[in-house]
Peer 1: 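Before anything else, here's the structure in question.
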Amino acid sequence: MLKVRLRREPSDAAGAVHALPVAEGAAPPEPFRAAAAAARFTGRAGQVVECLIPGPRTLLVGTGPAAAPLDWERAGGEAVAHADEETRTLVLDARGLPPEAAAALASGACLRAWRFDRYRTKEVKPGLERLELVVDRPREVEPLWERAAAAVRGCLLARDLVAEPANHLTPAVFAERMESLSAHGIAVEVLGPKRLARLGFGALLAVGGGSANPPHLVVLRWKGRTGAAPVVFVGKGITFDTGGVSIKPAAGMEEMRADMAGAAACAGAMLALALRGSPAPAAAVLALAENAVGAASYRPGDVLRTLSGRTVEVLDTDAEGRLVLADALHYAATRLAPRAIVDVATLTGSIVTALGHHRAGLFGTQSALAAQLAAAGEAVGDLVWPMPIGERHREDLRSDIADLRQCAPHGSGAWGGRFLPDACHAAAFLREFTEGVPWAHLDIAGVELRREDEPLGIKGPSGFGARLLDALVAMRFEEEG
Amino acid sequence: MLEIAFAKPDALPRAGALVLPVAETEGGGAAAAAPGGLRQRADEATGGAVERALEAAAFKGRKGQTATIWAPGAGLSKVVAVGLGKESELSPEAAEAAGAALLPTITGESEAMVSAEHLPPPLAVALAMGAVLRAYRFDRYRTKEKEEDKPKLKRLTVATSDPDAARAAWAAQEAVAKGVYLARDLVSEPANVLNPAELAERCRQLESLGVEVEILGPKEMKKLGFGALLGVAQGSENEPRMVVMRWMGRSGAAGKGKGSDGAAASAARPLAFIGKGVTFDTGGISIKPAGGMEDMKWDMAGAGAVVGLMAALAGRKAKADVVGMIGLVENMPSGKAQRPGDVVKSYSGQTIEVINTDAEGRLVLADLLWYCQEKYDPRFMVDLATLTGAIIISLGHEHAGLFSNDDELAQRILAAGKAVGENCWRMPLGEAYDKQLKSDIADMKNVGGRPGGSITAAQFLQRFTNGKPWAHLDIAGTAWATKDQGSTPKGATAFGVRLLDRLVAEHYEG
């Protein structure tokens, strides 16, 4: 993350680029007024004009109506996006702005400045390293920034994990990296394959069975201080998804290294809560496995005994996420005494067809929880949309041989069976393992990776969900006593 | 259509079937017979056989439960008990469901009576509605059906405490049922029979109800400049049509609003319903896979619903001014057919690059939407279309996708749908989705790719609403049922007729 310093006056660091946020319709200060007019700068969101004179180099950054923190975040991101590759220091001038706006500007800048260069060995550009946030009263901004920075760090942890290729981030390595969270006061428990077998994680073990890298389950606990029951996040962490025996087509399969983005988002949210010392007790259960093709792979037609004792008929080994979540959800619901469960998973292609790359699918059993999730998503720019679980969706999961089947068979729907509401089926399946605990499910397939550069992040892992879950906790679960 | 009669519960029928709708008590058992009612009288006339049999069948009155007692005596061929569900949850929906559940048990009888005298008359009417809707069959093309397989029931007598009230309420419901039947007929018809010209001709039958019917052919549409619709139609031998149906139930005369001041003027503006009517959709040059293509005869279900709706509104003399508009084409591949890459100019003046000729419904609707808002300045436009396979992948078959630029209208549609069992689910719109339609050489492409496929289709339509209040129902998943469900038998559902009739009745009459 950028090194952020709060200052009263800009330093005169050599080569620093300055950025000046300007709200829509507001007049830019002299000496930039003429340049702004000549470039038809109106302060519209996303508009940036570079003023080379009188110096130092200054970017006028449009914030739009600047009604919400998100507008300021985007402006901070735009400023970074327009600083060129040679720039090491960005000076963001937030003087005259409310402290919340200043903190949001810095958040946006840090989110946009994230890069993943670990595996580049040649011609690595150092890029932006420092952010000077210039404010009138640093002491007022400081606590707000610390809070915002916690969420940013959480989001960037999620991105770092998602970006890692699957030969580097196996389930065991993922689990190992989670151990480092204990430095922040998070209790970390890792269940390896032997313990999972002893406890009866039949679904998680079956999915991971084909891989040389065995599955793990990670439980992260943040104690908080309200003494309430914890809110529990459950994350799908398929470190690579070949599809298994129901193997995927080759084109685009490399993206499947991101099939652990749900688990990464949950880990990121836990880090954010710990860094900002959230009063709310929280926990995360990460179901980590690699869905590989191997001699010990599970097969279509197999019947699995899940941790809950319920049996599941496998129709498609590429619908593995719901299987590992089934065990993780049951574990969360029965072992962690949660007040609510939110799972996050890159679960279905169907949700991409439904909502594209701009919104995640939101399913659940409690409308209040769903409404809060939607509001939290709006606040941080991780947009979601409510989706239904209908009676038919559950009926479609009746199995001839087991308690339920994991999805509807191909060819069973309308128009020659080409159209199946698989995201709804998956949600109906997961619901069976929530054991009556208030629950919501975010299907983040399609939003886990940005398809192009955006104000709050470059093309690649988005960290979707980390800041959303942090915001949810802040909005709903932090009441004391 | 099954005839419904209402009568006082004066006497047991002398023959045929007697149906007893029975609620479930809080204790979980069947409610007791009302003193002096038909159930008690039937029990007495059969020497206690009825109650003994219900006991033996463990009949509890649960929703959907039925018990049939064959030849119980007193000349009756059978007595059928049908569950109404929990006593405390009695509702029109529950009564309709019971009506639907009882129907299959009595279709072999020539006469039947339902003992509904213990139900409030509105519930007796809802029960009749369920039976009538469930009784729909499309058997026009069966030539060899065995006599014993054909339904014999022509008339169902509903015993009620207030036949006059029930009859009055039924008149409106019967009109709606007729609209549903008409829509189901149109959707069920094969495409070699029901081409655009034939469907347009069938709209003429609405004239007898007082609906003005105007039919535009290819010449008129060419003159108007319906380039998007005509591009779709050009591959087929069967010429396109547009049908405009006007029901002026409020103002009386066609197109003449009464008031000119403020609110009255707004109320005088008509409501508009627009239907996609692709009588068969091969996909055109972007041809569909063979599996399941026969289903594409119902790619005119949106138009079918609009025709059925107009019949319902006119049939019950709705006090509202309503314009129904359907765009009828056949989408065929041929030497004359539109190609991927073609650019067409829509009636609005906006140009469209046709990337996929199988995204043709939106092209048809584009011209109708613009024409409708320009010519009629309606209070709102609601379009119905079997538009995308993506909506089935999104929602399945229990909900139609609802897209709207107007929250109040959307809320009303959701509520009306819930009330009649035609459920909708709101889906998002937004600029980010709209961008997917960007074309390199025209104002827009007609598809935005797989991600968010139903949303980008709706975004496309929205570009032709000129910012007017509008809602779009993507009914691809709900227009056809693959199994019997409640009052909808397997086959064409007529989804939208009852929903939109209800919408008009709740908010736009009086």
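Labels below follow one simple rule: chain letters A, B, ... track the order of the sequence lines, proteins then strands, and each chain is numbered from 1.
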Peer 1: Quick one: of Thr353(A), Thr348(A), Ile389(A), who has the most non-hydrogen atom pairs under 4.5 Å with chain B?
Peer 2: Thr353(A)
Peer 1: When rounded to the nearest 0.5 angstrom, what distance separates CD in Gln485(B) from CD in Glu391(A)?
Peer 2: 8.0 Å
Peer 1: Among Pro421(A), Pro388(A), Gly446(A), which residue has the highest count of heavy-atom pairs closer than 4.5 Å to chain B?
Peer 2: Pro388(A)
Peer 1: A side-chain contact here means heavy atoms from C-beta on lying under 4.5 Å apart; do His358(A) and Lys435(B) qualify?
Peer 2: no
Peer 1: Tell me, yes or no, whether the heavy-atom count around Glu431(B) atom CD, taken from other residues, nucleotides or ligands under 6.0 Å, exceeds 12.
Peer 2: no
Peer 1: Please report the closest heavy-atom contact between Ala354(A) and Met427(B), naming both atoms and the distance.
Peer 2: O-CE, 3.8 Å
Peer 1: Taking Gly453(B), Gly477(B), Ser454(B), Pro451(B) one by one, which has the highest count of heavy-atom pairs under 4.5 Å against chain A?
Peer 2: Pro451(B)
Peer 1: Checking His357(A) side chain against Gly452(B) main chain: does a donor-acceptor pair fall under 3.5 Å?
Peer 2: no
Peer 1: If contact means a heavy atom pair closer than 4.5 Å, which residues of residues 280-290 of chain B contact chain A?
Peer 2: Pro289(B)
Peer 1: Crowded around Lys63(B) NZ? As in, over 12 foreign heavy atoms under 6.0 Å?
Peer 2: no
Peer 1: As an exercise: rank Glu294(B), Arg426(B), Met293(B) by heavy-atom pairs under 4.5 Å with chain A and give me the winner.
Peer 2: Arg426(B)
Peer 1: Let me know if Gln436(B) has heavy atoms under 4.5 Å from chain A in its side chain, its backbone, both or neither.
Peer 2: side chain
Peer 1: Considering all heavy atoms of both residues, which atom of Ile455(B) and which atom of Leu355(A) are nearest to each other, and what is their separation?
Peer 2: CD1-CA, 3.9 Å
Peer 1: Where the side chain of Ser350(A) meets the backbone of Ile393(B), is there a donor-acceptor pair that is under 3.5 Å apart?
Peer 2: yes
Peer 1: Among the options Gly401(B), Ala432(B), Pro428(B), Ala476(B), pick out the one with the most heavy-atom pairs lying under 4.5 Å from chain A.
Peer 2: Pro428(B)
Peer 1: Nearest 0.5 angstrom please: His399(B) NE2 to Met387(A) CE, how far?
Peer 2: 10.5 Å
Peer 1: Taking Asn423(B), Leu395(B), Thr482(B) one by one, which has the highest count of heavy-atom pairs under 4.5 Å against chain A?
Peer 2: Leu395(B)
